[in-house]
Amino acid sequence: MERIKIDALLKSEPVGEKKLVKGWVRTKRGSKSVNFIALNDGSCIHNLQIVADTENFSEEVLRKVTTGAAISVVGEISESKGSGQSVEMIAEEIEILGVADSEKYPLQPKKHSLEFLREIAHLRFRTSTFGAVFRIRHALSFAIHDYFNKNGFYYLNTPIITGSDAEGAGEMFRVTNFDLDNIPKNEEGKIDFKEDFFGRETNLTVSGQLEAELGAMALSQVYTFGPTFRAENSNTSRHLAEFWMVEPEVAFADLKDDMDLAEDFLKYIVQYALDNCADDLAFLENRIEQEDKQKPKDQRQPMSLTEKLKFIVENEFERVTYTDAIDILRNSKPNKKKKFNYLIEEWGADLQSEHERFLVEKHFKKPVILYDYPADIKAFYMRQNDDDKTVAAMDILFPGIGEIVGGSQREERLSVLTEKMKDFNIPEEEMWWYLDTRKYGTAPHSGFGLGFERLVLFVTGMSNIRDVIAFPRTPGSAEF
RNA sequence: UCCUCAGUAGCUCAGUUGGUUAGAGCAUCUGACUGUUAAUCAGAGGGUCGUUGGUUCGAGUCCAACCUGAGGAGCCA
């Protein structure tokens with residue numbers, strides 16, 4: 001008999017038919033005469049209730065049906081006599097595929113703290129919460145490819161090992177094949193990278209953007225979606241040393257086109273989750289509500305998870321220039337009453353988390369796109385505006401997450417770009433290939449980077465980024 | 001990296017101004033129960049109180065350093 005997934009079974013409710021299911025036991029309860037087994041196979045949030053009449057099975061078999069065990073069951077589907085589920089399976093054959101010693105198996109049929117589950121990340125997939133999170137993560141990932149494919153973008157795989165250290169996006173992880181106890185030195189006593197595997201210094205990528213630009217300058221529209229590495233000693237609920245980033249790059253597009261693309265893209269992804277992950281979202285929403293009940297009223301979420309997601313889809317993002325944002329902040333109550341840790345005094349200051357949160361959560365109460373930032377606080381490749389003070393950069397800020405997207409129109413004018421690189425101390429000779437796109441057939445182009453885990457955080461309503469990636473890499477932590 | 005808080009049974013936590021043998025709920029095990037929904041009821045087992053050092057007649061409790069975790073900040077996506 002062919003196995004049926006529990007999701008398909010619960011949706012079709014084939015009452016009266018004999019079916020085969022396989023999965024992992026969540027709980028077993030019952031009396032002398034009858035046992036109830038909650039079985040989950042990861043195909044959906046729901047469990048299938050298996051009813052096992054103790055007369056039909058040896059004590060030996062039923063004793064091995066414990067939380068965590070993998071079993072295979074054949075039985076007839078019938079309407080449930082109990083409440084809580086509409087159909088159940090009356091077991092005829094139970095095969096134990098893999099036992100789970102109940103004295104040692106760490107997952108119990110009760111709520112565990114997320115901190116504890118992080119320590120057993122290899123098993124946390126088996127909980128309802130992480131099942132929901134990873135199904136949603138998959139759906140979002142699929143929606144991203146779907147959106148770009150429908151809109152004429154090509155998926156470009158940019159290198160993970162990069163020879164360029166000029167990407168300007170933070171500390172990099174060194175990639176080397178050297179025997180670390182015996183590193184070759186040159187005549188000056190410095191490390192001789194000519195002897196290393198690639199014949200040069202190499203690192204893990206911090207961004208695929210520069211390479212994506214090269215692709216966009218021929219294919220018109222490309223996107224990358226891959227792992228990204230930052231060796232920053234960041235210990236927050238929003239940062240990972242290894243994370244996944246989505247980076248579209250579009251030729252013949254200015255900053256407004258870039259903002260339009262990012263907003264449309266985010267709305268499509270969120271709508272996709274609403275349309276395709278209703279059960280998992282409902283579970284997570286309920287979970288958040290239960291947690292909120294423990295908190296004081298002023299710390300509770302103003303909107304439920306699905307309300308929050310619908311709000312994103314249904315409302316225009318607020319577009320504000322950096323200059324206007326500074327004015328709003330300067331005249332804001334927390335600034336005047338000196339409640340900000342960093343007071344806004346003059347134009348040119350970098351915005352802190354508290355300022356971004358004020359704009360998004362208090363002032364506009366919706367996603368905000370900030371654009372036209374001071375050139376001094378942004379990267380070298382961003383296009384200089386006519387005012388000579390600002391660059392065509394934009395950040396999208398989401399409630400609870402902060403910066404979810406960072407993008408810009410790229411500097412396409414060779415002389416302006418090389419001038420900028422001098423100011424930023426970036427050697428032209430290392431970037432010859434990048435500059436070639438400005439020498440030969442240069443054109444306006446734009447793009448942005450989206451932190452995938454931050455998107456997953458927002459859509460699932462989880463609060464720590466380590467709980468939306470299977471095996472988080474953070475400073476001092478690379479178990480599993 | 002900085003600031004704050006925490007670390008007691010498998011999990012979640014309580015433990016009084018330092019004072020006999022360190023507790024609870026859940027989980028586990030044993031038994032009871034004809035349909036349970038985190039089943040219920042009865043009983044049992046389970047501890048190097050994060051580590052090291054110090055103060056003291058005496059430390060889970062006080063002090064120091066370190067380790068681990070969480071929240072916030074910086075860096076950013």
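The sequence lines fix the lettering, A, B, ..., with proteins before strands; numbering per chain opens at 1.
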Inset, instruction - Check whether any side-chain N or O of A:S353 sits under 4.0 Å from OP1 or OP2 of B:G72, and answer yes or no. - result: no
Inset, instruction - Between A:Y342 and A:N233, just flag the one whose closest nucleotide in RNA chain B comes earlier from the 5' side. - result: A:N233
Inset, instruction - Using only side-chain N and O atoms of A:S234, determine if any of them is under 4.0 Å from OP1 or OP2 of B:C75. - result: no
Legend entry - Nucleotide nearest A:E88 when distance is taken to its side chain, options B:A77, B:G35, B:A70: B:G35
Legend entry - Upstream residue (5' side of RNA chain B) when A:M245 and A:Q85 are each assigned their closest nucleotide: A:Q85
Legend entry - Same-atom distance (C1') from B:U61 to B:G7, integer angstrom: 14 Å
Legend entry - A:V34 side chain, from C-beta outward: closest of B:G35, B:U1, B:C11: B:G35
Inset, instruction - Using the P atom on both, measure B:G60 against B:G53 and round to a whole Å. - result: 15 Å
Legend entry - A:Q108 CD to B:G46 P, straight-line distance once rounded to whole Å: 18 Å
Inset, instruction - Give one of base, sugar-phosphate or nothing for A:G449, where a contact means two heavy atoms less than 4.0 Å apart. - result: sugar-phosphate
Legend entry - For atom NZ of A:K110 and atom P of B:A24, their distance in whole Å: 15 Å
Inset, instruction - Can you measure from OG1 (A:T228) to CH2 (A:W244) and round to the nearest 0.5 angstrom? - result: 8.5 Å
Inset, instruction - Pick the C1' atom in B:C29 and in B:G10, then give their distance to the nearest Å. - result: 13 Å
Legend entry - Rounded P spacing from B:A42 to B:G58 in Å: 44 Å
Inset, instruction - Name the nucleic acid region contacted by A:T228, choosing base, sugar-phosphate or nothing; use a 4.0 angstrom heavy-atom cut-off, strictly under. - result: nothing
Inset, instruction - Take the protein atom CD of A:Q352 and the nucleotide atom P of B:C2, then report the distance between them rounded to whole Å. - result: 19 Å
Inset, instruction - Would you indicate what A:L240 reaches in the nucleic acid, counting non-hydrogen atoms under 4.0 angstrom: base, sugar-phosphate, or nothing? - result: base
Inset, instruction - Have a look at A:R357 and say if it touches a base, only the backbone sugar-phosphate, or nothing, with a 4.0 Å heavy-atom cut-off. - result: sugar-phosphate
Legend entry - Stacked cation flag A:K339 on A:F358, 6.0 angstrom / 45 deg: no
Legend entry - Nucleotide paired to B:U61 in any strand shown, Watson-Crick or G-U, under 3.5 Å: none
Inset, instruction - Under 4.0 Å between any heavy atoms, over every strand shown, what does A:S102 touch: base, sugar-phosphate, or nothing? Just pick one. - result: sugar-phosphate
Legend entry - Between B:G35 (P) and A:R29 (CZ): distance, integer Å: 13 Å
Legend entry - Whole-angstrom distance between B:G19 and B:A59, as gauged at atom C1': 10 Å
Inset, instruction - Return no unless some side-chain N or O of A:S31 is found under 4.0 Å from OP1 or OP2 of B:G35. - result: yes
Inset, instruction - Mark yes when over 12 heavy atoms from residues, nucleotides or ligands other than A:K362 sit less than 6.0 Å from its NZ; otherwise mark no. - result: no
Inset, instruction - Using whole Å, report how far CZ of A:F243 lies from C1' of B:C76. - result: 8 Å
Legend entry - Gap between atoms CG and P, on A:L117 and B:G10 respectively (whole Å): 17 Å
Legend entry - Salt-bridge contact A:K5-A:D41 (side-chain N to carboxylate O under 4.0 Å): no
Legend entry - B:C11 versus B:A73 - spacing of their P atoms, nearest Å: 30 Å
Legend entry - B:C13 and B:U8, which share atom name P, separated by this distance in whole Å: 9 Å
Inset, instruction - Kindly point out which of B:G69, B:G35, B:A77 is positioned nearest to the side chain of A:R118? - result: B:G69
Inset, instruction - Taking only the side-chain nitrogens and oxygens of A:R26, find out if one of them lies under 4.0 Å from OP1 or OP2 of B:U36. - result: no
Inset, instruction - Look through every strand shown and name the nucleotide pairing with B:G7 as Watson-Crick or G-U wobble, where both distances are under 3.5 Å. - result: B:C67
Inset, instruction - Send over the distance from A:H239 NE2 to B:G72 C1', rounded to a whole Å. - result: 13 Å
Inset, instruction - Check whether any side-chain N or O of A:K32 sits under 4.0 Å from OP1 or OP2 of B:U34, and answer yes or no. - result: no
Inset, instruction - Would you mind classifying the nucleic acid contact of A:S80 as base, sugar-phosphate or nothing, using non-hydrogen atoms under 4.0 angstrom? - result: base
Inset, instruction - Sort out the partner of B:U28 for me: Watson-Crick or G-U wobble, both distances under 3.5 Å, none otherwise. - result: B:A44
Inset, instruction - Rounded to whole angstrom, note down the C1' distance from B:A77 over to B:C3. - result: 24 Å
Inset, instruction - Could you tell me whether A:K378 sits above the aromatic face of A:Y373, with NZ or CZ closer than 6.0 angstrom to the six-membered ring centre and within 45 degrees of the axis? - result: yes
Inset, instruction - Respond yes when some side-chain nitrogen or oxygen of A:R454 is under 4.0 Å from OP1 or OP2 of B:C76, and no when none is. - result: no
Inset, instruction - Starting from C1' on B:C76, measure out to CG on A:L351 and report it in whole angstrom. - result: 14 Å
Inset, instruction - Report which part of the nucleic acid A:V405 touches: base, sugar-phosphate, or nothing (heavy-atom distance under 4.0 Å, all strands). - result: sugar-phosphate
Inset, instruction - Look at all strands and tell whether A:S83 reaches a base, only sugar-phosphate, or nothing, counting heavy atoms closer than 4.0 Å. - result: base
Inset, instruction - Please determine if a side-chain N or O atom of A:N235 lies less than 4.0 Å away from the OP1 or OP2 oxygen of B:G71. - result: no
Legend entry - Candidate list A:V360, A:I404, A:L450, test side chain to side chain contact (heavy atoms under 4.5 Å, CB included), partner A:I396, passing option: A:I404
Legend entry - Partner nucleotide of B:U1 by Watson-Crick or wobble geometry (both distances under 3.5 Å): B:A73
Inset, instruction - Kindly determine whether A:R383 and A:D254 satisfy side-chain contact (heavy atoms from CB on, under 4.5 Å), including the steps that lead there. - result: CA-CA 10 Å; A:R383 192 179 193 278; A:D254 64 14; over 6 Å; no
Legend entry - side chain to side chain donor-acceptor pair (under 3.5 Å) assessment of A:E356 paired with A:Q352: CA-CA 6 Å; A:E356 296 180 350; A:Q352 310 292 319; over 6 Å; no
Inset, instruction - Would you indicate which nucleotide in B:A70, B:U34, B:C75 comes nearest to any side-chain atom of A:S33? - result: B:U34
Inset, instruction - Tell me what A:E354 touches on the nucleic acid: a base, only sugar-phosphate, or nothing, going by heavy atoms under 4.0 Å. - result: nothing
Legend entry - B:U55: pairing nucleotide in any strand, Watson-Crick or G-U under 3.5 angstrom: none
Inset, instruction - Check whether any side-chain heavy atom of A:D350 lies under 4.5 Å from a side-chain heavy atom of A:Y342, and answer yes or no. - result: no
